[in-house]
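Residue numbers start at 1 and run along the sequence shown.
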Amino acid sequence: MERAELTALLTADGLRLVDELGAIDSADDVARTVSRLRAAGLSPELVSAAVGQARLRTRARAKFGEFADRMLFTRAGLEQATRLSIAARHAGRFRDAGVRRVADLGCGIGGDALALAGIGLEVLAVDADETTAALAAYNLAPFGDAATVRHARAEEVPLDGIDAVWLDPARRTAGHAETARLGAADWSPSLDWVFPLAARMPAGIKLGPAFDRALIPDDPAGVEAQWISVDGSTIELVLWTGALARPGVRRAALVLRAGAASELTADADAPDAEVRPLGRFIHEPEGAVIRARLIGEVARRLDAGMLAPGIAYLTSDAEATSPFVQTFRVREQLPTDVKALARALREREIGTLEIKKRGVDVDPAALRTKLKLRGPGTATLILTRAGTSRVAVLADRV
């Protein structure tokens with residue numbers, strides 16, 4: 001957002017206009033609204049800012065629910081913001097640890113600070129970007145003196161009187177490169193500053209789910225690494241230190257589906273289960289379970305084995321219901337040769353096919369084109385390895 005747009009937006013007329021616009025869902029809605037407002041004589045800066053905010057509020061409802069309708073956003077800030085349901089869980093951990101004052105260092109548009117202040121904690125919210133800090137101040141204004149926003153670099157903020165910190169380091173690289181490729185200096189603030197701070201005082205550090213595990217501090221006092229999946233997507237890794245880390249927990253996989261939460265915890269990575277032949281069911285662990293390396297723990301709970309070494313598919317003969325896996329009932333094995341596979345699917349009149357793969361070099365989109373599917377039937381095709389062999393398994397979701 002340009003400074004001129006921000007200036008136009010943070011006025012009584014600008015904020016009133018955003019509220020009046022309501023939901024804007026599509027590019028066509030944007031074009032029509034811009035044309036109407038410009039024809040009414042409004043400035044380009046005000047129109048751009050107000051229409052942009054109306055559209056961002058529409059998108060933000062997925063993360064912030066009804067709160068989105070009184071918040072302001074940047075595109076990057078909304079994309080990077082923690083979902084309010086997850087932020088509330090994080091805030092509860094601070095409260096339960098006896099924390100009263102939290103510094104949110106790298107607060108973005110204020111989503112995590114909103115959750116912290118919402119349960120009665122005092123928050124110092126800090127962001128290095130002036131525009132983002134201004135929007136965070138607007139979003140946190142309802143909490144009055146309980147939430148203070150400061151435009152500053154995290155490293156420059158005195159932490160006197162602060163009980164714990166929440167940090168959301170930004171990747172310096174553009175786009176969405178895998179965080180496993182980044183070093184400690186590729187973050188802002190640098191992890192070389194973040195991790196020593198987290199060793200001195202209780203901290204929660206939000207990172208991407210693909211964060212390089214080799215960079216997780218091996219602190220004798222204990223660092224809890226918690227991966228989080230929501231409705232099938234693995235969204236983040238949080239490192240907890242000090243009083244915010246649970247005793248005896250070094251690895252955790254938190255899974256939320258349709259609002260219900262389930263969690264696996266362990267004091268270390270779990271050894272994988274033994275490999276066994278393909279059974280009547282295949283189980284795919286949730287992403288948080290895979291990232292936390294707790295697949296073996298899930299396998300033992302389900303009395304299941306690995307389909308192949310190092311591949312995150314489990315198999316068993318007994319149907320299992322678990323929040324930590326998606327389960328598929330095996331119909332049969334099909335040929336792996338593309339022409340033979342296409343023929344087999346046509347014979348079974350499979351016209352709608354979900355394609356899943358692990359441990360094999362296959363492009364599902366390209367394969368789908370070659371299969372030339374037709375027919376009323378639906379199924380899931382799982383391409384992977386069983387033991388040392390490549391397999392194609394036709395299955396149904398349970």
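Taking the side chain as every heavy atom from C-beta outward, Leu167 and Asp104 never approach each other to under 4.5 Å. When side chains are defined from C-beta on, Leu191 does not count as touching Asp186, because their heavy atoms never get closer than 4.5 Å. Put simply, the side chain of Arg213 reaches to within 4.5 Å of the side chain of Arg293, judged on heavy atoms. Between Val102 and Asp163, the closest side-chain pair of non-hydrogen atoms is not below 4.5 Å. Using a 4.5 Å heavy-atom threshold, the side chains of Met201 and Ile162 count as touching. Residues Val238 and Ile205 are not in side-chain contact: their nearest non-hydrogen atoms beyond the backbone lie 4.5 Å or more apart.
At least one donor-acceptor pair closer than 3.5 Å links the side chain of Thr58 to the backbone N or O of Ala54. A donor-acceptor pair under 3.5 Å is formed between the side chain of Thr315 and the backbone N or O of Phe281. A donor-acceptor pair under 3.5 Å is absent between the side-chain atoms of Ser48 and the main chain of Pro44, judged by distance alone. Of the possible donor and acceptor atoms, one in the side chain of His151 sits under 3.5 Å from a partner among the backbone N and O of Ala128. Panel note: side chain Asn139, backbone Leu72; a donor-acceptor pair is recorded below 3.5 Å. Side-chain N or O atoms of Gln53 include one that pairs as donor or acceptor with a backbone N or O of Phe73 at under 3.5 Å. Put simply, the side chain of Asp267 never gets that close to the backbone of Gly248: no donor and acceptor are under 3.5 Å apart. In terms of modelled atom types and a separation under 3.5 Å, the side chain of Asp231 and the main chain of Ala258 share a donor-acceptor contact. With hydrogens and angles disregarded, no donor-acceptor distance shorter than 3.5 Å links the side chain of Thr241 to the backbone of Val223. Proximity of a side-chain donor or acceptor of Arg38 to a complementary backbone N or O of Leu42 within less than 3.5 Å is detected.
For the pair Glu79 and Arg59, the salt-bridge criterion is not met [side-chain N within less than 4.0 Å of a carboxylate O]. For the pair Arg348 and Glu332, the salt-bridge criterion is met [side-chain N within less than 4.0 Å of a carboxylate O]. Ionic pairing of Arg358 and Glu284 is present here: one or more N-O contacts between side-chain nitrogen and carboxylate oxygen are shorter than 4.0 angstrom. Here Arg32 pairs with Asp29 in a salt bridge; the nearest charged N to carboxylate O distance falls below 4.0 Å. Of the charged side-chain nitrogens involved, at least one lies within less than 4.0 Å of a carboxylate oxygen, so that Glu286 and Arg257 count as a salt-bridged pair. A salt bridge is absent between Arg250 and Asp269: the closest approach of a Lys/Arg side-chain nitrogen to an acidic carboxylate oxygen does not fall below 4.0 angstrom. A salt bridge links Arg329 with Glu319: the distance from a Lys NZ or Arg NE/NH1/NH2 to an Asp or Glu carboxylate oxygen falls below 4.0 Å.
The nearest pair of heavy atoms linking Ala320 to Thr327 is O-OG1, 3.5 Å. Residue Asp127 comes nearest to Gly106 through the heavy atom pair OD2-C, 3.7 Å, listed as atom of the first residue, atom of the second, then distance. Contact record, Asp317 with Arg280: O-NH1, 2.7 Å, taken as the closest heavy-atom pair. Minimum interatomic distance between Leu215 and Phe195 (heavy atoms only, all atoms of both residues): O-CE1, 3.3 Å. When all heavy atoms of Pro271 and Arg300 are compared, the pair lying nearest together is O-NH2, 2.6 Å. Nearest heavy atoms, Leu345 versus Leu353: CD1-CD2, 3.9 Å.
Taking CZ from Arg61 and CG from Leu56, the interatomic distance works out to 11.5 Å, rounded to the nearest 0.5 Å. Leu37 CG to Ser43 OG: the interatomic distance, rounded to the nearest 0.5 Å, is 10.0 Å.
Judged by a 6.0 Å distance limit and a 45° cone about the ring axis, Arg70 is positioned over the six-membered ring of Tyr138. Remark: Arg93 is positioned above the aromatic ring of Trp240, its terminal NZ or CZ atom under 6.0 angstrom from the ring centre and at most 45 degrees off the axis.
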For this session: For Lys206 and Thr82, run side-chain hydrogen bond (donor to acceptor under 3.5 Å, both in side chains): C-alpha distance rounded to whole Å, both residues' side-chain angles, the deciding distance at 0.1 Å, then the answer.
Result: CA-CA 9 Å; Lys206 176 185 171 183; Thr82 306; 2.8 Å; yes
Exercise. Are Arg246 and Glu263 close enough, and set up right, to give a salt bridge (Lys or Arg N to Asp or Glu O under 4.0 Å), and what steps lead you there?
Worked result: CA-CA 13 Å; Arg246 291 171 289 185; Glu263 189 173 28; 2.8 Å; yes
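Test Arg101, Arg95, Arg100 against Glu122 for salt bridge (charged side-chain N to carboxylate O under 4.0 Å, His left out) and you get one pass: Arg101. Residue Val194 is tested with Pro217, Pro189, Ser188 for a side chain to side chain contact (heavy atoms under 4.5 Å, CB included); the sole match is Pro189.
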Using distance only, find each side-chain donor-acceptor pair of residues 13-23 under 3.5 Å and give its atom names and separation, not counting sequence neighbours.
{"from": "Asp13", "atom 1": "OD1", "to": "Arg16", "atom 2": "NH1", "distance (Å)": "2.8"}
{"from": "Asp19", "atom 1": "OD1", "to": "Arg57", "atom 2": "NH1", "distance (Å)": "2.8"}

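Linking ILVMFWY residues whenever their side-chain heavy atoms come closer than 4.5 Å, directly or via other members, leaves Leu394 and Val398 in distinct clusters. Residue Leu105 is grouped with residue Trp187 when hydrophobic side chains (ILVMFWY) are merged at heavy-atom distances under 4.5 angstrom, including chains of intermediate members. Under a hydrophobic-cluster definition in which Ile, Leu, Val, Met, Phe, Trp and Tyr are linked whenever side-chain heavy atoms come within less than 4.5 Å, directly or via other members, Leu334 and Ile355 are assigned to the same cluster. Linking Ile, Leu, Val, Met, Phe, Trp and Tyr residues whenever their side-chain heavy atoms come within less than 4.5 Å leaves Val126 and Val123 in two separate clusters. Placement of Leu135 and Leu78 in two distinct hydrophobic clusters is found when ILVMFWY residues are connected by side-chain heavy-atom separations under 4.5 Å, directly or transitively.
Counted within 6.0 Å of CZ on Arg368, heavy atoms from surrounding residues, nucleotides or ligands total more than 12; the atom is thus considered enclosed.
Gln226 and His90 share no side-chain donor-acceptor pair at under 3.5 Å.
Hydrophobic cluster membership of Leu278, counting Ile, Leu, Val, Met, Phe, Trp and Tyr whose side-chain heavy atoms lie under 4.5 Å apart directly or via other members: Ile282, Leu307, Ile311, Tyr313, Phe328, Val330, Ile382, Val391, Val393.
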